[in-house]
Amino acid sequence: MKVGFIGTGSMGSLLVDALVRSGALEASDVVVANRTQAKAERLAAAYPGMTAAASNRDLILQCDCAFLCIKPSEFKTVLQELRPWAREDQIVVSITSPILIQQLEDQLPCRIAKVIPSITSGVLSGVSLCMFGSRMTVPDCCLLEGLLSHISEPLLIDEQYTRVVSDLSSCGPAFMAFLAQRLVDAAVEVTGIDPDEAVAITSAMLLGTGKLLTEGGMTPKELIQRVSVPGGITQQGLQLLRQETDGVFQKLIRTTHDKYREDLEKVQAALYGEEVNGP
């Protein structure tokens with residue numbers, strides 16, 4: 001089976017690397033294409049046997065499954081390039097959240113899926129959010145989930161919850177890393193601890209915390225209760241955090257949803273010349 005990747009930016013190249021490194025795909029089964037041809041050629045050169053397609057047309061003619069790892073603003077052009085050559089028996093997978101499955105089914109005759117990966121796939125961890133279009137068969141779904149299971153835990157979700165689940169799985173690592181960096185910065189500023197040491201300690205703490213919440217079977221609430229004792233230092237710190245962050249995460253979710261709706265409208269206008277009424 002030949003699998004193509006249109007777009008070799010940050011997430012496209014991460015997926016290629018993770019799928020090959022995990023053994024899900026052989027390099028010789030991968031075809032890559034990019035708006036800047038030299039960028040696709042550089043990626044292919046790093047994996048002996050991988051092919052850099054000369055164009056998106058060249059890629060879709062070769063592949064059984066194609067991942068669209070591109071920005072929302074690039075979809076109109078790319079879909080126009082693929083439409084004359086796409087086949088009904090091909091699987092096309094978008095990894096771009098504001099692109100709706102129905103929009104892709106309107107534009108292409110292929111079997112359509114949407115997958116929202118995470119940077120955590122780079123270490124073969126985390127979840128990949130999966131949504132399947134009406135033309136996807138059970139074997140198609142199993143095939144795609146099988147590929148993704150090598151680099152993550154595939155999680156089937158309803159498309160209407162794309163944004164909020166993406167906030168947790170895909171944006172979440174950046175949000176948590178931001179909070180970790182703020183904790184490190186404060187420790188360095190207040191105490192003078194070496195910044196590299198503070199980062200190492202915090203990173204190890206996050207790894208252990210993640211294991212407690214997964215392998216350890218704890219929920220976040222249970223972990224908090226185990227660490228915090230009445231009248232203790234942790235309890236004092238948590239009390240401050242509750243006060244200072246009251247309402248912050250609700251604002252965060254509303255902000256990401258507002259941006260998502262804005263992107264949905266831009267894509268809909270580009271593809272159809274009208275406003276969106278989707279999820």
Side-chain angles (χ1 to χ4, degrees), residues 1-33 43-44 46-47 49-51 59-60 62-71 75 86 89-101 104-105 108 110-174 210-211 213-215:
M1 180 181 71
K2 288 284 186 180
V3 180
F5 295 83
I6 296 177
T8 58
S10 177
M11 190 53 70
S13 58
L14 183 149
L15 286 175
V16 168
D17 175 73
L19 287 166
V20 172
R21 184 161 40 86
S22 68
L25 294 171
E26 296 291 336
S28 57
D29 293 328
V30 176
V31 183
V32 295
L43 179 61
Y47 303 89
M50 190 175 295
T51 301
L59 182 143
I60 203 67
Q62 295 183 58
C63 293
D64 306 292
C65 176
F67 284 77
L68 306 183
C69 309
I70 56 178
K71 298 175 182 178
F75 265 83
D89 63 337
Q90 289 172 311
I91 300 173
V92 170
V93 184
S94 167
I95 70 164
T96 309
S97 64
I99 304 298
L100 303 179
I101 288 174
L104 292 175
E105 290 185 332
L108 298 174
C110 311
R111 301 166 186 180
I112 302 298
K114 184 157 74 174
V115 169
I116 309 300
S118 169
I119 192 173
T120 55
S121 292
V123 289
L124 314 185
S125 186
V127 299
S128 293
L129 310 177
C130 300
M131 292 147 275
F132 300 126
S134 59
R135 301 176 198 143
M136 290 283 286
T137 66
V138 171
D140 293 334
C141 298
C142 291
L143 175 67
L144 194 53
E145 289 179 330
L147 278 179
L148 296 170
S149 67
H150 285 77
I151 64 172
S152 61
E153 179 183 345
L155 180 64
L156 184 63
I157 67 164
D158 190 307
E159 192 175 24
Q160 67 175 314
Y161 297 117
T162 299
R163 182 63 262 146
V164 67
V165 183
S166 297
D167 285 340
L168 299 173
S169 68
S170 300
C171 300
K211 288 185 175 180
L213 295 174
T214 52
E215 299 170 18

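Once rounded to the nearest 0.5 Å, the distance linking CD1 of Ile95 with CD1 of Ile70 reads 9.5 Å. Between atom CG of residue Leu43 and atom CZ of residue Phe5 there is a gap of 9.5 Å, rounded to the nearest 0.5 Å. A distance of 4.0 Å separates CE in Met131 from OG1 in Thr162, rounded to the nearest 0.5 Å. To the nearest 0.5 Å, the span separating CD on Glu26 from NZ on Lys2 amounts to 11.0 Å. Separation of atoms CG (Leu148) and CG (Leu129) is listed at 10.0 Å; rounding is to 0.5 Å. Expressed to the nearest 0.5 Å, how far CG of Leu68 lies from CD1 of Ile112 amounts to 8.0 Å.
Contact detail for Leu19 and Ser22: the closest heavy-atom pair is O-OG, 3.2 Å. Contact detail for Ile6 and Leu59: the closest heavy-atom pair is CG1-CD2, 3.8 Å. Counting all heavy atoms, side chain and backbone alike, Cys65 lies closest to Val93 at SG-CG2, 4.1 Å. Nearest heavy atom pair, residue Cys130 against residue Val115, reads SG-CG2, 4.4 Å. Contact between Thr51 and Gln62 at its shortest, heavy atoms only, is CG2-OE1, 4.4 Å.
Put simply, the side chain of Gln90 gets close to the backbone of Ile60: a donor and an acceptor are under 3.5 Å apart. Proximity of a side-chain donor or acceptor of Ser13 to a complementary backbone N or O of Ser10 within less than 3.5 Å is detected. A side-chain donor-acceptor contact under 3.5 Å links Lys114 to the backbone of Ile99. Under the 3.5 Å distance criterion, the side-chain polar atoms of Arg21 are left unmatched by any main-chain donor or acceptor of Leu124. At least one donor-acceptor pair closer than 3.5 Å links the side chain of Ser170 to the backbone N or O of Pro117. Side chain of Arg135 to main chain of Cys110: a donor-acceptor pair is present (N/O by atom type, distance under 3.5 Å, no hydrogens or angles). Under a 3.5 Å cut-off, the side chain of Thr120 and the backbone N or O of Ser125 do form a donor-acceptor pair. A side-chain donor-acceptor contact under 3.5 Å links Ser118 to the backbone of Ser169. For the pair Glu105 (side chain) and Gly133 (backbone), a donor-acceptor distance under 3.5 Å is absent.
Within the 4.5 Å cutoff, no side-chain heavy atoms of Val127 are placed close to those of Leu168.
Heavy atoms of other residues, nucleotides or ligands lying less than 6.0 angstrom from CG of Leu155 number more than 12.
A side-chain contact (heavy atoms from CB on, under 4.5 Å) with Phe132 is found for one member of Leu144, Ile101, Asp140 and no other, namely Leu144.
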Apply the test side-chain contact (heavy atoms from CB on, under 4.5 Å) to residues Leu147 and Leu25: give CA-CA distance (whole Å), side-chain angles for both, the deciding distance (0.1 Å), then the verdict.
CA-CA 8 Å; Leu147 278 179; Leu25 294 171; 3.7 Å; yes

With side-chain contact (heavy atoms from CB on, under 4.5 Å) as the test, would you mind laying out the steps for Ile91 and Leu143 before giving the verdict?
CA-CA 10 Å; Ile91 300 173; Leu143 175 67; 4.2 Å; yes

Stepwise side-chain contact (heavy atoms from CB on, under 4.5 Å) test for Cys141 and Met136:
CA-CA 7 Å; Cys141 298; Met136 290 283 286; 4.0 Å; yes

Starting from the C-alpha separation in whole Å, work towards a yes-or-no answer on side-chain contact (heavy atoms from CB on, under 4.5 Å) for Asp29 and Val3.
CA-CA 6 Å; Asp29 293 328; Val3 180; 5.8 Å; no

